[in-house]
Amino acid sequence: MNKTPKGERLSISVIGKTNTGKSSLINALIGQNVSIVSEHPGTTTDPVVRSYELIPIGPVTFYDTAGLDDQTELGQKRIASAMKVLNRSDIVLLVVDEIGITKEDRRVIEKLLKAQIPYLIVRNKSELLNKVTIEEEHIEVSALNQENIDGLKERIVNLQKEINPENRQILEGIVSPGQVVVLVIPIDTSAPKGRVILPQVQVLRECLDIGAISISVRDFELEQTIELFGDKISLVVTDSQAVEFVNKTVPSNIRLTTFSTLFARYKGELFPFVEGAEVIDQLENGDEVLVAEACSHHVMGDDIGKVKLPNWIRKYTGKDIKFTVVNGFDFPEDLEKYKLVIHCGGCMITAKEIHRRIRESKERQVPISNYGILISKIHGVLDRIVSVFPESKKEKN
């Protein structure tokens with residue numbers, strides 16, 4: 001469970017005013033005392049992350065957040081931190097107690113509705129008497145007495161099925177059982193020692209799940225592999241940084257795409273990213289471009305987001321472009337000043353978070369693309385890279 005990538009876990013945030021029993025509820029759901037519980041308000045400060053195997057969903061991540069009614073200066077910062085967690089949540093559990101729904105709760109509900117985030121109102125402390133009646137649909141539980149916790153789990157499972165009735169697949173509609181897929185994985189200074197990066201692992205695993213025959217090679221071994229297997233190869237998937245070389249090496253009758261493009265479709269929306277890539281033809285001197293990375297990592301001398309992409313774009317456009325690189329979950333408040341957002345593959349964050357970032361960019365009228373698609377555009381192979389997807393034909397029609 002703990003080895004399941006964060007980006008592949010269902011993200012559930014538990015939010016509500018101080019002392020409604022949010023931490024106790026997480027302990028009850030998990031069946032372990034993993035969150036600190038106290039009668040004193042404000043025990044939980046910054047959001048706390050907990051992992052759990054919720055059958056039949058699988059691994060989930062719970063975010064235990066600070067109370068929404070802490071009026072101290074520090075409390076307001078904690079609340080702001082808690083509210084940011086909502087944006088990357090698949091499901092929110094809004095916990096209320098015997099008092100009922102407060103004005104803070106109603107503000108949260110308004111935010112959830114606006115952001116189209118599914119939520120459940122969980123009325124905790126059902127063991128207490130003289131409860132105020134609330135009209136909103138809710139489920140009553142007692143974290144203290146373990147009452148109706150299984151009922152809450154069932155409601156979470158059912159809500160997850162509504163959100164994602166079918167499990168997403170990276171290679172959906174592209175690869176069939178028995179087909180030969182060649183994965184081009186360069187091993188350079190940016191490759192982690194003793195392992196390969198997450199998107200490559202996930203594509204390899206899905207090939208195994210589908211029953212496709214997967215062959216992993218380094219870029220300089222590709223030509224020999226094509227000589228050995230020839231027309232038996234149905235698809236080649238390459239690291240984006242090698243796409244120019246791989247495009248020249250792979251015959252036109254063999255389909256070709258990149259890991260990053262697969263993830264653009266799997267986690268986000270393929271064609272908004274494609275449209276965003278076209279914007280680099282319109283960039284002018286002094287324009288600002290935002291490079292958004294979802295995770296933090298050790299920066300190498302040839303880091304793709306901080307070094308390679310800016311250099312490629314400046315060379316392609318011949319313009320003096322300014323670049324800002326951000327890491328983590330938040331977009332800058334002044335997103336409007338950027339002419340383009342270039343996002344990483346998003347392997348470490350959920351599809352919900354990628355869609356939120358796409359939506360936020362659209363609302364602020366800032367085009368957005370991703371690493372692999374933009375690199376393919378720069379090297380003149382974008383049409384070929386995208387043509388492997390069945391929906392690309394519908395888009396052209």
Side-chain angles (χ1 to χ4, degrees), residues 5-9 11 84 87-88 168 170 184-186 188-192 195-203 237-243 257-277 279-280 288-313 316 321-332 335 338-362 366-379 382 385-386:
K6 287 184 179 179
E8 297 302 309
R9 302 176 189 169
S11 176
K84 287 181 180 180
N87 290 326
R88 57 181 185 266
R168 303 186 313 277
I170 303 170
V184 182
I185 305 174
D188 53 21
T189 57
S190 62
R195 57 192 176 89
V196 295
I197 63 175
L198 186 57
Q200 297 162 357
V201 172
Q202 289 185 252
V203 172
V237 184
T238 181
D239 183 279
S240 297
Q241 297 181 62
V243 70
T257 194
T258 71
F259 291 103
S260 189
T261 307
L262 287 173
F263 267 70
R265 178 192 190 229
Y266 173 57
K267 288 285 185 81
E269 300 175 34
L270 180 61
F271 291 104
F273 283 158
V274 172
E275 292 168 1
V279 172
I280 63 169
E288 296 188 50
V289 171
L290 178 69
V291 179
E293 297 185 336
C295 63
S296 299
H297 59 272
H298 177 67
V299 178
M300 305 293 292
D302 58 350
D303 186 81
I304 183 170
K306 295 178 176 63
V307 179
K308 288 184 177 179
L309 262 176
N311 287 342
W312 281 329
I313 293 173
Y316 175 87
I321 311 298
K322 298 179 181 178
F323 292 88
T324 299
V325 181
V326 296
N327 301 92
F329 289 104
D330 301 319
F331 271 2
L335 190 63
Y338 298 101
K339 295 295 183 181
L340 175 65
V341 174
I342 309 172
H343 206 285
C344 69
C347 60
M348 296 302 293
I349 59 177
T350 65
K352 181 75 176 180
E353 174 67 7
I354 290 288
H355 281 284
R356 182 191 72 81
R357 294 180 175 205
I358 294 172
R359 184 173 65 250
E360 186 172 349
S361 298
K362 286 180 179 178
V366 181
I368 184 170
S369 189
N370 92 331
Y371 283 15
I373 290 176
L374 196 75
I375 292 170
S376 296
K377 161 69 177 177
I378 289 171
H379 292 304
L382 184 55
I385 295 303
V386 173

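Since the structure is predicted, the reported quantities are computational estimates derived from the model, not experimental observations.
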If you look at every heavy atom in [X] and [Y], which pair is closest and at what distance?
| X | Y | value |
| --- | --- | --- |
| V341 | A292 | CG1-CB, 4.5 Å |
| G276 | P367 | CA-CB, 4.2 Å |
| A277 | L374 | CA-CD1, 3.6 Å |
| V366 | L335 | CG2-O, 3.6 Å |
| I385 | S376 | CG1-OG, 3.6 Å |

E288: which residues meet the salt bridge (charged side-chain N to carboxylate O under 4.0 Å, His left out) condition with it, sequence neighbours left out? K337

Residues in salt bridge (charged side-chain N to carboxylate O under 4.0 Å, His left out) contact with K362, at least two apart in sequence or another chain: E269

Test of understanding: with side chain to side chain contact (heavy atoms under 4.5 Å, CB included), list the residues that count as partners of S240, not counting sequence neighbours. T258, S260, I375

Measuring from [X]:[atom1] to [Y]:[atom2], what's the distance to the nearest 0.5 Å?
| X | Y | atom1 | atom2 | result |
| --- | --- | --- | --- | --- |
| S361 | F273 | OG | CZ | 8.5 Å |
| K322 | L290 | NZ | CG | 15.0 Å |
| R359 | H355 | CZ | NE2 | 9.5 Å |
| R357 | I368 | CZ | CD1 | 8.0 Å |
| I280 | K339 | CD1 | NZ | 15.5 Å |
| K377 | Y316 | NZ | OH | 3.5 Å |

Pick from V243, T261, T257: which one makes a side chain to side chain contact (heavy atoms under 4.5 Å, CB included) with T238? V243

Taking K267 for its side chain and G346 for its backbone only, find out whether a donor-acceptor pair lies under 3.5 Å. yes

With a 4.5 Å limit on heavy-atom distance, are the side chains of [X] and [Y] in contact?
| X | Y | result |
| --- | --- | --- |
| I313 | I378 | yes |
| F263 | N370 | no |
| I321 | P310 | no |

Does one side chain, of E293 or Y371, offer a donor that lies under 3.5 Å from an acceptor on the other? yes

